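Heavy atoms only: backbone and side chains are in, while hydrogens, waters and symmetry mates are out. Remember, it's a predicted structure, so these values are computed and weren't measured experimentally.
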Amino acid sequence: MRRLALILSLIAAVLGTATALGPGTAHAGAGEGEGELAPAEEASPESELVPPTAKGSVAIQYPEALLEREEPPGGTVIVQYVVGVDGQTKELEVLQSVDPELDRIVVEAVDALEFEPALYRGQPVEVVLSVAVEIGPPEPAPEPDTDTETETGEGTLPGAFDSDGTQAPGDAEAPVAIRGRIREAGQRTPIEGATVIAVPAPEGWPLGQIRGKRYEEAVEPQWQVQATTDAEGRFELRGVPPGRVRIIALSRGYERLDSIEELAGGGAILELEYFDRRLPSNPYRTEVTVDRELPEVTRRTITPEEINLLPGTQGDALKSIQNFPGVARPPFGAGLIVVRGSAPSDTKTYLGYHEIPQLFHFGALTSVFNSDILAQIDFIPGNFDARFGNAIGGIINVQPRKGRRDGYHGYIDSDLFDTGVLVEGPIGKGSFALSARRSYIDALLLAVIPAGSGIDFNVAPRYYDYQALFDYPVGPGNFSVRVFGSDDQLEVVAPSVNEEEADANDGFDTQIAFHRVDMVYEAEQGPWSFLFTPSYRHEQLGGVGGDIFSFRVTRDVFNLRAELGYRLSKRAGLRIGTEVAAGEYSLEARAPGFPQPGQGDNGEFLAADLGGAFGSFSLYSTATIAASDRLVLYPGVRLAYNGVVLNRAGLDPRFRLAWKLTEDTTFKAGVGLFSQYPDVFELNDVWGNPNIALERSIHTSAGVAHMFDSIDLLVEGTAFYKYVYDLAVPTDVLLINNGAGATIVPERFDNAGYGHVAGVELLVRKNLTNNLFGWVSYTFSRALYDLDDGWGLIPFDFDQPHILTAIAVYKLPRGWSLGGRFRLVSGNPYIPVYNGIDDVSTGGTFPLEGPRNSERNPAFHQLDVRVDKKWTWRYVGLNAYVDIQNIYNRRNIEGRTYAYDYTQFNVLAGLPILPSVGLKLDW
């Protein structure tokens, strides 16, 4: 029986495409994040990635049973597989089938291969290979009097010679016959590493692209020429005979290109340009990824490609964080991040190494930074690294990406709420990205909310944001300049149940804005890493609450962060850093005074115009110690000092570990001390207490994560306990001021508050592969606080014992996708009011209340649905989407407003069914 021999040691160079996987799917070394999704980064130089090397070859024999068929099958079988860090093949998948029996023997042959594993920066990594195998029935034996060897059918490798000594098609010394370029349709992005195969065109096939399947008899081609596209997507095919030629292009994550071309003789070169469409299961632009960050006990990362299809988020990156375990549901869909029973202000958001004061525009319709120029979003609900401070809740760490350098790109995106634009491209060796967005919800929202929906207030928000990014390589690193900002205005009118018409006293107006300029220089050289980033930010925050209060706060802040890292050995590393914040603030406010002990509310208002300088200084360090091949320790410490306003210092030691139980299972645990400054209203000398101390918390957590590589499924469970203490709470204690004459003054705030938060979190997440992705998250927790108000330990205002979220998105053929999000959450607690009691001394009425937070609203549940349709042409793409929140129009109760005598109340319901329709044109 004739044999079809395949020398698989040449797969990576001739027939395959090798791509390193990031830590999300790779089994990273001891110093990298384990079982975490990392953002796509630019592919590293080839010198850093050493492809795997096959240790031998495998022969494939055509099955004799198939020769008995009237028409024995044959054709090209394409198999994709992974070469693990042990050199063994796994996760074999047939990308193109010919016949079940032929598929089976090709898969078995690939499965039998052994490799020297690929290396990235000297460390073993997994890579993906794909191979196209032409297999068919053996040709008849040659006549005895020919000069051809009896063992034909062995296949001709590029560079071989014909029997007459002339160069065969594909020889490296032959002249170029076909030159071409392959780019991604719609984006015009070069496709690197695609395998381009030229074979003789079958008789009678017309010129042009071959669509669908052809069922003509498969025969082994007389000749075959191959090439691989470079970084610009270009390829050259040498020595191709003139005539009709079949061109086949294969690239992981893209559709198969198949076209018939006419090649003229006489030395003419055929110039080709192809545009290939991305498969639905291939959302990634680059595959080589490295995570240099230290793994927190719980870090949840989501990529922008996943975000764009999540229902209920309108494609907004930061809104997706509200779907993770440990995050309570805010009322009215507000842009609050309530993490593991902490107040919203206890969780800080970092954008590009510096904190931002605002995460969402009003109403949480969208975040203040364009999601499409984000590279990474990490949500860390507790036990975060010493790099982050001034927070006792959680951390949201957002990193912007560089502008694209493969050409000029952009889009225009419009929906019912706002319109955004993005333009990006190269500048010399660097890149830029410009983006802006403006809302018109103030004109449309009132038309969307129907009468009788239970919403008794009018909302008229207006917002805009902008971003300008510039990146350029300098020396061994990269220099960046980032300018961005946001501005919001909101007017709310909330008439009481006793009024027929609202007046100015029922209004609430507020404005919040910030503008920021950053410079960043990052570099790596040998074992050293370096970061230096100064930043300037201007903030404005103002509000008017009818005739009750008014305030305006402005701040000018200068931030500086510098870090130096050094890898001491393969098993140890150290990072040290400093963070400085300094500036000036002003506060203009009018608000009711604090009641005096035994006197009640005297109806007096306090007005103040405060301001001055402020400053804080922090030093932090984290060490990486690989105690063994599977156990890595991360001790750290942060020292923070507020030396202008509070004159308070905090020393926060922290410790984490990651223990790799198996190749796919990781145990993580941590414990640490965390502190933060009280806000400006709690530490000023008019309404607050300038002698107040830092607020603190102790975090403990432990979790196990297991990755089912064969189905790209992550299962993660985490248990946590948090003790919060020294909380700033109101007090009616009087103090003796021994300054210029002894006087009695109210203390107003002290650090008598404390609380206990405990719970378990479960996350089952299907990564964005094939056509399905999504996750199911469940949290059971209790948050009990004692605010020194006489009620003892009571439920936190956002205490939600049960939080269940299920998200699924399925990519359908022809550019369609369908997604849904279902949430079932315990209702928030509230103070019950049973009746009103007349106050004869004032003529008013005060409520007869039950114990604080002793009642709970009904459970919240809601279904959101999103449908997308994508059209892709050569140079542009168009995406149309419909995102419908609360599709079955559930009337979820969020609160109550009472009549003047507290005998009647109106229910405040959440948003009714709310559709958003949009179009996005990109190029």
Determine, stepwise, if the pair Ser342 / Lys722 fulfils side chain to side chain donor-acceptor pair (under 3.5 Å). CA-CA 10 Å; Ser342 293; Lys722 180 166 57 178; 2.6 Å; yes
Go through the steps to decide whether Tyr466 and Phe484 satisfy the test ring pair (Phe, Tyr, Trp, His ring centres under 6.0 Å), and finish with yes or no. CA-CA 5 Å; Tyr466 63 91; Phe484 56 94; 8.0 Å; no
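Sequence neighbours left out, the pairs with a member in residues 424-436 that pass salt bridge (charged side-chain N to carboxylate O under 4.0 Å, His left out) are Arg401-Glu424.
For the ring pair (Phe, Tyr, Trp, His ring centres under 6.0 Å) test, residues two or more places apart in sequence or in another chain that qualify with Tyr463 are His361. The side chain to side chain contact (heavy atoms under 4.5 Å, CB included) test applied to Phe617 returns Thr578, Val580, Leu619, not counting sequence neighbours. Every residue two or more places apart in sequence or in another chain that forms a side chain to side chain contact (heavy atoms under 4.5 Å, CB included) with Asp922 is listed here: Gln187, Tyr411, Lys870. Every residue meeting the ring pair (Phe, Tyr, Trp, His ring centres under 6.0 Å) condition with Tyr566, not counting sequence neighbours, appears here in chain and number order: Trp528. In this structure Asp413 satisfies the side-chain hydrogen bond (donor to acceptor under 3.5 Å, both in side chains) test together with Tyr881, sequence neighbours excluded. Residues satisfying the side-chain hydrogen bond (donor to acceptor under 3.5 Å, both in side chains) criterion with Tyr536, sequence neighbours excluded, are Asp556. Under the side chain to side chain contact (heavy atoms under 4.5 Å, CB included) criterion, Thr533 pairs with Tyr353, His354, Val520, Leu531, Arg561, not counting sequence neighbours. Remark: Pro653 pairs with Leu673 by the side chain to side chain contact (heavy atoms under 4.5 Å, CB included) rule, at least two apart or across chains. Listed by chain and residue number, Asn370, Gln467 satisfy the side-chain hydrogen bond (donor to acceptor under 3.5 Å, both in side chains) test with Ser435 (two or more places apart in sequence, or in another chain). Under the rule for a side-chain hydrogen bond (donor to acceptor under 3.5 Å, both in side chains), Ser345 has no partner lying at least two apart in sequence or in another chain.
Under a 4.0 Å N-O distance rule, the pair Lys920/Asp415 does not qualify as a salt bridge. Checked for salt-bridge contact, Asp652 and Arg638 miss the test: no charged N lies under 4.0 Å from a carboxylate O. At a threshold of 4.0 Å, the pair Arg387-Glu563 counts as salt-bridged, since one of the basic side-chain nitrogens sits closer than that to a carboxylate oxygen.
Between Tyr634 and Phe655, the ring center distance fails the sub-6.0 Å criterion. Between Phe384 and Phe674, a ring centre-to-centre spacing shorter than 6.0 Å is recorded.
With no hydrogens or angles considered, a side-chain donor-acceptor pair links Arg404 and Thr189 at under 3.5 Å. Looking at Asp346 and Gln676, their side chains do bring a donor and an acceptor atom within 3.5 Å of each other. For Lys402 and Ser480, the side-chain atoms include no donor-acceptor pair closer than 3.5 Å.
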Return a table of donor-acceptor pairs under 3.5 angstrom between the side chains of residues 639-647 and protein atoms on other chains or two or more places apart.
{"from": "Asn642", "atom 1": "OD1", "to": "Val645", "atom 2": "N", "distance (Å)": "3.3"}
{"from": "Asn642", "atom 1": "OD1", "to": "Leu646", "atom 2": "N", "distance (Å)": "3.4"}

